[in-house]
Amino acid sequence: MTPPEPRPRDRGIPEATVARLPVYLRALQALDDRGILTVSSEHLAETTGVNSAKLRKDLSHLGSYGTRGVGYEVEYLIYQISRELGLTQDWSVAIVGVGNLGRALANYGGFGTRGFRIAALLDADTAVLGDTVAGLPVGHIDTLEDVVRKEKVSIGVIATPAAAAQEVCDRFVEAGVTSVLNFAPVVLNVPPGVDVRKVDLSIELQILAFHEQRKADGYAGLDPFGKGPA
């Protein structure tokens, strides 16, 4: 049997680089949609908001160095990044919590084109059980373990209230899921070997509010001590 290709972490790719690869991929896919065949590191860096030296170093971890005077081949770079991120295969996803956020996630059309298949929607609220969302019936949370096994779920998404999130996470982990995307406003405790990515929309809004307040107070362009340009 052919051994699986090493993933970014196995190959020693820095986590900061891994976090930027999806940003590069999105920009490259937009270029590809416009029929653009090659892109310079300077243009790709400008599009993604990083400096070109950092971008070239990031891409060098993939073994991609571009061609002087030509740049990077867009289609091949898409393939390279997709391969490193594991997007050349389909990943089965289960969403627990089918409120407004869970429904929005289920209805997002971009998952399917990026290698993610929403396989199941689960909730504990009897009022939503049996509802059809994005072509899927909402099942009961009690079936989580069976769903994980039957659908070969690789990623669990938690869109529940904070009070229920840890229990749902524990059940995902016990069922064999080792990657969790958490939208609940709570820090989850997981054992070693389980990866959790947290998305807290309220925190992001508060950070933006902080910057808006500083601009309103006239701090834009000052260093942290207000003594001059940072």
Side-chain angles (χ1 to χ4, degrees), residues 1-10 18-19 21-22 25-26 29 78-79 81-201:
M1 184 173 71
T2 303
E5 294 186 41
R7 297 270 60 82
R9 186 177 297 174
D10 301 328
V18 175
L21 291 181
L25 181 59
R26 180 175 58 193
Q29 288 170 330
I78 288 174
Y79 166 74
I81 295 177
S82 297
R83 180 192 62 196
E84 291 297 338
L85 292 175
L87 303 182
T88 53
Q89 59 180 301
D90 289 329
W91 298 99
S92 182
V93 178
I95 299 175
V96 176
V98 194
N100 292 334
L101 178 57
R103 289 170 185 261
L105 293 171
N107 280 297
Y108 174 57
F111 290 135
T113 60
R114 289 169 172 81
F116 302 97
R117 176 177 66 90
I118 306 300
L121 305 174
L122 303 173
D123 206 296
D125 186 356
T126 56
V128 301
L129 297 182
D131 286 359
T132 299
V133 180
L136 290 172
V138 178
H140 198 282
I141 184 64
D142 287 349
T143 65
L144 183 147
E145 290 78 10
D146 291 337
V147 165
V148 168
R149 182 178 62 256
K150 179 180 178 182
E151 299 293 340
K152 296 180 173 57
V153 172
S154 300
I155 300 172
V157 177
I158 299 176
T160 67
Q166 185 64 58
E167 180 182 353
V168 171
C169 182
D170 291 343
R171 290 183 62 180
F172 268 134
V173 172
E174 289 170 8
V177 175
T178 57
S179 294
V180 176
L181 180 61
N182 177 35
F183 285 90
V186 63
V187 176
L188 299 176
N189 296 311
V190 296
V194 176
D195 293 312
V196 175
R197 298 290 296 182
K198 179 173 171 54
V199 181
D200 193 322
L201 301 179

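Just the heavy atoms: all of them, side chains too, but no hydrogens, waters or symmetry mates, feed the values below.
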Kindly say whether Val186 contributes a backbone atom to a donor-acceptor pair with the side chain of Asn182 at under 3.5 angstrom?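 A pair under 3.5 Å: yes.
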Would you say the side-chain atoms of Ser92 pair up with the backbone N or O of Ala119, donor to acceptor, closer than 3.5 Å?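 Not confirmed, Ser92 side chain does not pair with Ala119 backbone.
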Identify, with sequence neighbours excluded, every residue that meets side-chain hydrogen bond (donor to acceptor under 3.5 Å, both in side chains) alongside Glu145.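 Expected list: Arg171.
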Show the nearest heavy-atom pair for residues [X] and [Y], with the distance to one decimal.
X: Val190; Y: Val196; answer: CG1-CG2, 3.6 Å
X: Ala19; Y: Pro22; answer: O-CD, 3.4 Å
X: Gly139; Y: Leu129; answer: O-CD2, 3.4 Å

Pairwise distance [atom1]([X]) to [atom2]([Y]) - rounded to 0.5 angstrom:
X: Phe183; Y: Asp200; atom1: CZ; atom2: CG; answer: 10.5 Å
X: Arg26; Y: Leu21; atom1: CZ; atom2: CG; answer: 13.0 Å
X: Asp125; Y: His140; atom1: CG; atom2: NE2; answer: 9.0 Å

Would you list the atom pairs, donor with acceptor, under 3.5 Å between side chains in residues 96-112 and any protein atom, with sequence neighbours excluded?
| from | atom 1 | to | atom 2 | distance (Å) |
| --- | --- | --- | --- | --- |
| Arg103 | NE | Val98 | O | 3.2 |
| Arg103 | NH2 | Asp131 | OD2 | 3.0 |
| Asn107 | ND2 | Arg103 | O | 2.9 |

What side chain to side chain donor-acceptor pair (under 3.5 Å) pairs are there with at least one residue in residues 153-168, not counting sequence neighbours?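 Those involving residues 153-168 are Gln166-Asp170.
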Could you check if a side-chain atom of [X] sits within less than 4.5 angstrom of a side-chain atom of [Y], using non-hydrogen atoms only?
X: Val173; Y: Thr178; answer: no
X: Ile158; Y: Leu188; answer: yes
X: Leu25; Y: Leu87; answer: yes

Using side-chain contact (heavy atoms from CB on, under 4.5 Å) as the criterion, point out the one residue from Ile95, Val180, Ile118 that pairs with Val157.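 Of Ile95, Val180, Ile118, side-chain contact (heavy atoms from CB on, under 4.5 Å) with Val157 is met by Ile95 alone.
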